[in-house]
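Sequence lines set the chain letters: A, B, ... in the order given, protein chains first and strands last, and positions in each chain run from 1.
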2 protein chains.
Amino acid sequence: MTQENVFKCNCPLARVTEVIGEPWTLMVLREAFLGTRHFNDFERELGIARNVLSVRLKKLVDLDLLERVRSETDRRAVEYRLTDASRDLLPILVGLAQWSGKWLCEGHSATRFVERATGREIPRIAVRAVDGRELAARDVTMVPGPDANPELVARFERAVTAAGDVQGG
Amino acid sequence: MTQENVFKCNCPLARVTEVIGEPWTLMVLREAFLGTRHFNDFERELGIARNVLSVRLKKLVDLDLLERVRSETDRRAVEYRLTDASRDLLPILVGLAQWSGKWLCEGHSATRFVERATGREIPRIAVRAVDGRELAARDVTMVPGPDANPELVARFERAVTAAGDVQGG
DNA sequence: CGGTATCCCATTTGATACTG
DNA sequence: CAGTATCAAATGGGATACCG
């Protein structure tokens, strides 16, 4: 099977690789969150090749993660702006940065996320139950939804009957 | 500048692309969360080429995201198990799946995350302040930590002075 | 079972030059 | 400013065969 087939399956995690799986894309989004709006600024800040940047921006616009609008102040300029969808990525970006800082950067703290109003650090992103309790990996499980493909459903059932510790390890 | 240089900078978000940026890696982790432990099972479930899988597993072990242990039941078999670091990715995976389900899969619900004990759906992953309030993009900002590289620090300062809406758009 | 080695091929990147 | 066009080079995936 080829990569593409897996990604086209009904798994949302697979589909998300379209976005964050592409090299540079996460960095482009970071820039957008940092306030970068213009093609040339993305290029300069990231040092990305112009053709690659062009393709990435197009795709992000296609996916509705960036909005391409003509600047109001300078009619010749174009601005790439965050959308509701990309703004909704904030918990992911914060979570990724926190996780990376903890497990990949080994104590280095290059970036911290803080609440703008108070300056206080954002607590770790966590999985919580409806009542707010924090949940560990073993407390959580995936179940197939109505649109799951039959293969995945079968796998879930096998996994559940085979062992209780699907998550934990 | 080449891609590698950017990623080697002190940005945790950049470093994280080493993990989730590689094609297949997210899928391998998904499999591990689903209980897959053996080389041949990863291969079969994902349809990934063996050489690629080999490289991915090695890297994940290198990064301490998988632990390679000899099976206790069958001495010849090898098991790849989740580690504390990879288990700590749960909020990210849940968040990504939720986000993808909402913005990429357009109403399709192939997978749902539920609390194992109650079967109730996991609420959306969110950024919260220390007191538990949910924060929006505009409420959050990044600040350079002690180990930030000077360039990023300068950019933050420029961004802050230039506009109040670094995040919002 | 758990890989490694090899080959071929497609894609993609980066650099650069050019355009409206 | 905001791209497009082109090209050489590197990378990286897939398939397959082989090995302890």
Side-chain angles (χ1 to χ4, degrees), chain A residues 1-9 14 17-28 31-32 35-62 66-81 162, chain B residues 1-9 14 17-29 31-32 35-63 66-81 162:
Chain A
M1 192 189 300
T2 170
Q3 211 174 299
E4 213 168 325
N5 293 330
V6 179
F7 295 173
K8 289 229 169 68
C9 84
T17 56
E18 273 189 51
V19 182
I20 61 168
E22 306 267 1
W24 288 118
T25 303
L26 204 57
M27 294 296 94
V28 171
E31 287 307 308
T36 300
R37 297 279 177 271
H38 300 288
F39 189 95
N40 284 354
D41 292 336
F42 282 107
E43 182 202 4
R44 183 169 34 81
E45 300 292 355
L46 292 175
I48 183 176
R50 296 174 71 80
N51 52 353
V52 177
L53 175 59
S54 178
V55 173
R56 290 294 176 273
L57 288 174
K58 268 198 188 64
K59 185 159 190 181
L60 285 169
V61 169
D62 261 15
L66 288 179
E67 188 190 6
R68 185 183 187 281
V69 292
R70 215 149 273 281
S71 167
E72 290 159 14
T73 58
D74 178 358
R75 281 301 169 71
R76 299 171 317 177
V78 169
E79 293 192 353
Y80 292 92
R81 297 193 192 161
Chain B
M1 192 188 302
T2 169
Q3 209 175 302
E4 214 169 325
N5 293 330
V6 179
F7 295 172
K8 288 229 168 69
C9 82
T17 57
E18 273 190 48
V19 182
I20 62 167
E22 307 268 3
W24 286 118
T25 303
L26 205 58
M27 292 297 94
V28 171
L29 286 173
E31 285 307 309
T36 299
R37 296 281 178 270
H38 300 287
F39 190 95
N40 284 351
D41 292 336
F42 282 107
E43 184 202 3
R44 183 169 35 80
E45 300 292 356
L46 292 175
I48 184 177
R50 297 175 70 80
N51 50 355
V52 178
L53 176 59
S54 178
V55 172
R56 290 293 175 274
L57 288 174
K58 266 199 189 63
K59 184 158 192 182
L60 285 169
V61 169
D62 261 15
L63 289 167
L66 288 178
E67 188 189 8
R68 185 184 187 281
V69 292
R70 213 150 272 282
S71 167
E72 290 159 13
T73 57
D74 178 359
R75 281 301 169 71
R76 300 170 315 177
V78 169
E79 292 191 355
Y80 292 91
R81 297 193 193 162

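Not counting sequence neighbours, the partners of A:Lys59 by the side-chain contact (heavy atoms from CB on, under 4.5 Å) test are A:Glu18, A:Glu22, A:Leu63. Shown here are the side-chain hydrogen bond (donor to acceptor under 3.5 Å, both in side chains) partners of A:Asp74, two or more places apart in sequence or in another chain: there are none. For the side-chain contact (heavy atoms from CB on, under 4.5 Å) test, residues two or more places apart in sequence or in another chain that qualify with B:Val52 are B:Trp24, B:Ile48, B:Ala49, B:Arg56. Shown here are the side-chain contact (heavy atoms from CB on, under 4.5 Å) partners of A:Val69, two or more places apart in sequence or in another chain: A:Glu67, A:Glu79, A:Arg81. A search for side-chain hydrogen bond (donor to acceptor under 3.5 Å, both in side chains) contacts involving B:Asn51 returns nothing, not counting sequence neighbours. Residues meeting the side-chain contact (heavy atoms from CB on, under 4.5 Å) test with A:Asn40, sequence neighbours left out: A:Glu43, A:Arg50.
Atoms CG (B:Asp41) and P (C:dC1) sit 8 Å apart, rounded to a whole Å. Protein atom CG of A:Leu66 is 14 Å distant from nucleotide atom P of D:dA2, rounded to whole Å. Rounding to whole angstrom units, CG of residue A:Leu46 and C1' of C:dA15 are separated by 17 Å. In this structure, the CD atom of B:Glu43 is 10 Å from the C1' atom of C:dG3, given to the nearest Å. The NZ-C1' distance, from B:Lys59 to D:dG13, rounds to 15 Å in whole Å. Atom CG of A:Leu53 is separated from atom P of C:dT13 by 11 Å (rounded to the nearest Å). Rounded to whole angstrom, the span from the CZ atom of B:Arg76 across to the C1' atom of C:dG2 amounts to 11 Å. In this structure, B:Phe42 atom CZ and C:dC1 atom P are separated by 14 Å, rounded to whole Å.
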Short heteroatom pairs, N/O only, protein and nucleotides 3-7 of chain D, under 3.5 Å:
residue, atom, partner, partner atom, Å
D:dG3, OP1, A:Arg68, NE, 3.4
D:dG3, OP1, A:Arg68, NH2, 2.8
D:dG3, OP2, A:Tyr80, OH, 2.5
D:dG3, N7, A:Arg50, NE, 3.0
D:dG3, N7, A:Arg50, NH2, 2.0
D:dG3, O6, A:Arg50, NE, 3.3
D:dT4, OP1, A:Lys58, NZ, 2.9
D:dT4, OP2, A:Ser54, OG, 2.5
D:dT4, OP2, A:Lys58, NZ, 3.1
D:dT6, O4, A:Asn51, ND2, 3.2

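Taking OH of A:Tyr80 as the reference point, atom CZ of A:Arg68 lies at 4.5 Å (rounded to 0.5 Å). Within the model, atoms CD of B:Glu31 and CZ of B:Arg44 stand 9.5 Å from one another, a figure rounded to the nearest 0.5 Å. Here the straight-line distance linking atom CD1 of B:Ile20 with atom CG of B:Leu29 works out to 10.0 Å at 0.5 Å rounding.
Distances shorter than 4.0 Å separate some side-chain N or O of A:Arg56 from OP1 or OP2 on C:dT13.
Summary for the helix from C:dC1-D:dG20 to C:dG20-D:dC1: the axes at its two ends, each from 5 pairs, differ by 50° when rounded to the nearest 10 degrees.
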